Protein chains: 2
Amino acid sequence: MASTIKDVAKLSGVSPSTVTRVLQDKSSISEATKKKVREAMASLNYHPNVNARSLASNKTNVIGVVLPKDSDIFYQNSFFPAVIRGISQTAADHQYSIQLCTGKDTNQRLAILKDTILGKRVDGLIFLYGEIEDPLVEFAIDQEFPAVVIGKTLSPLISFVDNNNEKAGFDATEYIIQKGAKSIAFIGGRDQLFVSRDRLKGYEKALKKYDIPINDSLIAQVSEFTREQGYHTLKELLKEGNIDGLVTADSLFTEGAVRYLNEKQIHLPIITFDSVQPSVRIDAYVDIHTLELGRSSFKLLRNVIKSYNNKNMMCYRQIIDHSIKEM
Amino acid sequence: MASTIKDVAKLSGVSPSTVTRVLQDKSSISEATKKKVREAMASLNYHPNVNARSLASNKTNVIGVVLPKDSDIFYQNSFFPAVIRGISQTAADHQYSIQLCTGKDTNQRLAILKDTILGKRVDGLIFLYGEIEDPLVEFAIDQEFPAVVIGKTLSPLISFVDNNNEKAGFDATEYIIQKGAKSIAFIGGRDQLFVSRDRLKGYEKALKKYDIPINDSLIAQVSEFTREQGYHTLKELLKEGNIDGLVTADSLFTEGAVRYLNEKQIHLPIITFDSVQPSVRIDAYVDIHTLELGRSSFKLLRNVIKSYNNKNMMCYRQIIDHSIKEM
DNA sequence: CTGAAAGCGCTTACAG
DNA sequence: CTGAAAGCGCTTACAG
């Protein structure tokens, strides 16, 4: 059997509570005692049982990472691995583990989330998506459970970290304008997604700044995030008239669009948004600094947890830079 | 405060142990009692505390998923999201949660793994990679801790699930041969990776079957998984002479290679291996059925855990089909 | 600077 | 079919 805190206490000639205090490196414990106890731990190869600890202390040192439903585009995107990387890097620095919350549909996901919160599996949650009226986020708010959303959210009661997507859309469009384009198409996702909507706003602002009239027939809002949609949407847009530049809100669109352009041997300046360098060759992409989104979300969550423990429920917001990367 | 098992016991007029048995749906409990207890649970909005449960029962209903170090190519690959999806689907069906184990280097990862095993955070482990002499896998074996590797492994003491990569390499190559190619290039990863090595073996077998001489100057083993490597490797291969077909062991290679071919306006039949449809247009890809790899790994792990509990430590192996998908 | 005691919320033999 | 008791391995006031 694995050794327990009692074994360590016995071997080092102190009480179990003192062993706990050594584990917590309390300043009240003398160095001599600490040394003694640590030696005992080492010689017994002692490792604290986290379940006992969680039960007694009412904290788990685990955070839950909530994913969209598992058929989501999300799983085909470079965003997911990158943001997980960022979160887990920072989490590891603070001795936190990561538990995944996902499921096949909203019902299953909500059930799992309830079990996660009410079963006291985690100390806090990071939602990897921002959606209007998400029942999971609402449940967390309802339970006054510490949580951070990566992405925009309407509720004033929840913390979030996000890019300035409007500014990013503006910068992207300006980049294409500076390539000499005047007739710039935009392919985005459905309007309910904050990200797409904000990037589109930025696109329009940039056109205005450069006195380029906004032409609705150059703007496509696509319901499904797929390459096929990118392919066909661009094809349709080209029928509408001349296009000499392209801004896409997602790399999957870009891949489809580029395929069509290659087939037709058309050359356009193109920019998109991504977490890593896109797989097709285009002019540039807006790097949304996903690693940093992940890292910051964890740091924010720690602050939220602390403030909840002090009963003064704070809400934090943070905007992460983006940058244009030429390829 | 959240209600506990005692509250439920009191309200329904039974003992706490009976409440536990209802929770476990034991057949020894009468339906009348079950009904009564369940009503009490519902009215109190009772949810079991998983930490208390884990402590008392010595099982957590959590499995750990072990990732390579976080700078790995792995995180750029479609494999990761797909296999996570497969695991979590099956895990959800069995009331299991998933905890992630990763870190910046082998040391940190090993420390986290030790804490995970010795701290009793999880009931078993799934390793998402197969490598020669991995210290983490060895630690798990040493501790006689239930684990499954996705990928090949040399140790006879550990369970795994994998594709038949040699057969997959054979099938891929045969596909290209049937397109009429005779001078077929192969781009794979470094020889230490079981996957690459086995696919290469299959390639050679296929050539033999069709009496095509093996030409070493058409075979490249690339150390780094990047698009740039794909690009340059193909460029070099083409210098060596004529190529009329291409097999690549990873989609990132393919993307790079295709970029070069497009630039040079060269057309070749190409096949690669992937978890989802590759982003560049090629002839076909070998779908390695990653979702199924994930699902099976979880099922295997459950069996391993059961057999360890019965003190007869079983070791399971399972091969997952692949299939060629034309594009 | 340290210890004794109570408790966290479950489960599991044991007994009937 | 069900209950009383002991225990899982920690932590946390309280007390000195």
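For clarity, every value in this text was computed on a predicted model and none was experimentally measured.
The nearest whole Å value for the distance from the CZ atom in B:R21 to the P atom in C:dT12 is 10 Å. As a whole-Å value, the separation of A:K36 NZ from C:dT2 P is 7 Å. Nucleotide C:dC8 holds its C1' atom 17 Å from the CZ atom of A:R121, rounded to whole Å. Atoms NZ (A:K59) and C1' (D:dT11) sit 12 Å apart, rounded to a whole Å. In this structure, the CG atom of B:N58 is 16 Å from the P atom of D:dG7, given to the nearest Å. The separation between A:I5 atom CD1 and D:dT12 atom P is 11 Å, rounded to whole Å. Between the NZ atom of A:K10 and the P atom of C:dG3 there is a distance of 14 Å, rounded to whole Å.
For D:dT2, the OP1/OP2 oxygens have a side-chain nitrogen or oxygen of B:T33 closer than 4.0 Å. Contact between the side-chain N/O atoms of A:T18 and the OP1/OP2 oxygens of C:dG3 is found at a separation under 4.0 Å.
Against DNA chain D, the stretch residues 38-57 of chain B makes heavy-atom approaches under 4.0 Å through B:L55, B:A56. In the region residues 22-31 of chain A, proximity to DNA chain C at under 4.0 angstrom, judged on heavy atoms, holds for A:S27, A:S28, A:I29, A:S30.
Nucleotide D:dG3 forms a pair with C:dC14, judged by Watson-Crick or G-U wobble geometry with both contacts under 3.5 Å.
Backbone-only contact: B:T4 has heavy atoms under 4.0 Å from sugar-phosphate atoms and none from a base.
Salt-bridge annotation for B:R295 and B:E292: present, with a side-chain N of the basic residue lying under 4.0 Å from a carboxylate O of the acidic one.
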**OP:** Could you go through the side chain to side chain contact (heavy atoms under 4.5 Å, CB included) check for A:E131 and A:V137 one step at a time?
**Re:** CA-CA 9 Å; A:E131 231 174 55; A:V137 170; over 6 Å; no
**OP:** Decide side chain to side chain contact (heavy atoms under 4.5 Å, CB included) for A:I63 and A:I87; before the verdict, give the C-alpha distance in whole Å, the side-chain angles of both, and the deciding distance to 0.1 Å.
**Re:** CA-CA 10 Å; A:I63 60 148; A:I87 295 172; 3.9 Å; yes
Original post:
Could you walk me through whether A:Q89 and B:K104 pass the side chain to side chain contact (heavy atoms under 4.5 Å, CB included) check?
Top reply: CA-CA 7 Å; A:Q89 280 176 358; B:K104 57 172 172 276; 5.7 Å; no
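Taking for each of A:K6 and B:P16 the nucleotide of DNA chain D with the nearest heavy atom, the 5'-most of the two is the partner of B:P16.
Note: B:F298 and B:H94 have tilted aromatic rings, judged against thresholds of 30 and 60 degrees for the angle between ring planes.
Side-chain proximity of B:S15 to the nucleotides C:dT2, D:dA4, C:dC10 is greatest for D:dA4.
For the residue pair A:S307/A:N312, the side-chain donor-acceptor check at 3.5 Å is not satisfied. Side-chain polar atoms of A:S155 and A:T153 form no donor-acceptor pair below 3.5 angstrom. A donor-acceptor pair shorter than 3.5 Å can be found between the side chains of B:T18 and B:S15.
With sequence neighbours excluded, the residues that form a side chain to side chain contact (heavy atoms under 4.5 Å, CB included) with A:N303 are A:K306, A:Y316.
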